[in-house]
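Worth knowing before you read on, the calculation uses all heavy atoms, side chains too, and leaves out hydrogens, waters and symmetry mates.
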Amino acid sequence: IKMSNPHSHHMHPTMQSDVSDHHGDHVMSPDKGHGDHMMMMQMTFYFGYKNVELLFAGLVINTPGGMVGACIGVFLLAVFYEGLKIAREFLLRRNQVNVRYNSMPVPGADGTVLMETHKTVGSRMLSLAHFFQTFLHIIQVVVSYFLMLVFMTYNGYLCIAVAAGAGFGYFLFSWKKAVVVDITEHCH
């Protein structure tokens, strides 16, 4: 955006800002949407369903039904993300190799000697399991950034869908966690 004066709040004559209607819906000004597809990013939370651009330029929500469908899809994506995190942990534990137990004497409080056991786990870098974990990690990162970008639309309905899906996914899958190990959670 080219400003005529750095201290001025007036934009270049060819640029116009977005406006909101009386329902708080995000509305583009008439000259936008033609040619260069300029759309200002909403910077405050709002509840609306018109002209809500979701992740891709061609995916624009304009109806209540479209918003409901988008919220269901985002909800399911967040549930999938939580399930993927738990699945990666399960696969990581299942594919551990070179498990060794080392015991060492440790002096006790009353002068006795206690045996402390440490579990050492190794894995192989060039294994099918590690390649699969790497692939799942890439999917997890991409899905987490998609969820972050959905939240950054500042649309209240979509933000609630992200939070509710993450909560429901955690409820569904996390009870199976035997050990609390968080595998590199990204932008949650």
Side-chain angles (χ1 to χ4, degrees), residues 18-29 32-33 36-96 121 123 125 127-188:
D18 290 348
V19 293
S20 295
D21 67 6
H22 65 282
H23 297 292
D25 294 326
H26 194 207
V27 180
M28 259 190 317
S29 59
K32 294 185 183 178
D36 62 0
H37 183 61
M38 274 297 296
M39 189 174 212
M40 298 297 287
M41 184 175 164
Q42 183 75 25
M43 295 303 291
T44 58
F45 288 99
Y46 69 101
F47 287 88
Y49 60 85
K50 291 184 181 171
N51 292 326
V52 179
E53 198 166 32
L54 185 62
L55 296 177
F56 302 100
L59 188 57
V60 179
I61 301 165
N62 282 310
T63 64
M67 181 56 77
V68 169
C71 286
I72 291 170
V74 167
F75 178 88
L76 293 175
L77 188 64
V79 170
F80 171 74
Y81 174 76
E82 293 296 326
L84 181 60
K85 287 191 322 182
I86 301 302
R88 284 192 59 216
E89 291 177 16
F90 172 77
L91 290 173
L92 186 63
R93 282 193 300 273
R94 193 181 79 180
N95 292 315
Q96 291 174 340
V121 179
S123 60
M125 185 171 138
S127 66
L128 186 59
H130 184 64
F131 283 119
F132 188 57
Q133 276 285 347
T134 302
F135 175 73
L136 290 178
H137 176 74
I138 292 168
I139 292 172
Q140 181 179 345
V141 168
V142 169
V143 170
S144 69
Y145 282 123
F146 277 0
L147 291 171
M148 177 194 67
L149 289 172
V150 168
F151 207 91
M152 287 178 60
T153 65
Y154 291 102
N155 182 283
Y157 300 123
L158 295 173
C159 291
I160 290 168
V162 170
F168 187 68
Y170 183 85
F171 177 78
L172 277 181
F173 302 112
S174 71
W175 66 273
K176 294 181 181 184
K177 272 170 82 166
V179 179
V180 178
V181 178
D182 202 6
I183 295 186
T184 62
E185 188 168 330
H186 299 284
C187 299
H188 191 40

Under a 4.5 Å cut-off applied to non-hydrogen side-chain atoms, are [X] and [Y] in contact?
X	Y	answer
Val79	Phe173	yes
Phe47	Ile160	yes
Glu82	Leu172	no
Leu158	Phe151	no

Practice item. Measure across Val52 and Tyr46 and return the closest heavy-atom pair with its distance rounded to 0.1 Å. Key: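 Scanning both residues completely, I find the closest heavy atoms to be CG2-OH, 3.7 Å.
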
In Å and rounded to the nearest 0.5 Å, what is the [atom1] to [atom2] distance from [X] to [Y]?
X	Y	atom1	atom2	result
Phe132	Arg88	CZ	CZ	10.5 Å
Glu89	Ile86	CD	CD1	4.5 Å
Ser144	Leu149	OG	CG	9.5 Å
Leu136	Phe131	CG	CZ	13.5 Å
Phe75	Phe168	CZ	CZ	5.5 Å
Glu53	Asn62	CD	CG	10.5 Å

Check your understanding: What residue among Val162, Val150, Leu147 forms side-chain contact (heavy atoms from CB on, under 4.5 Å) with Leu77?
Key ->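 Answer to the side-chain contact (heavy atoms from CB on, under 4.5 Å) test with Leu77 among Val162, Val150, Leu147: Leu147.
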
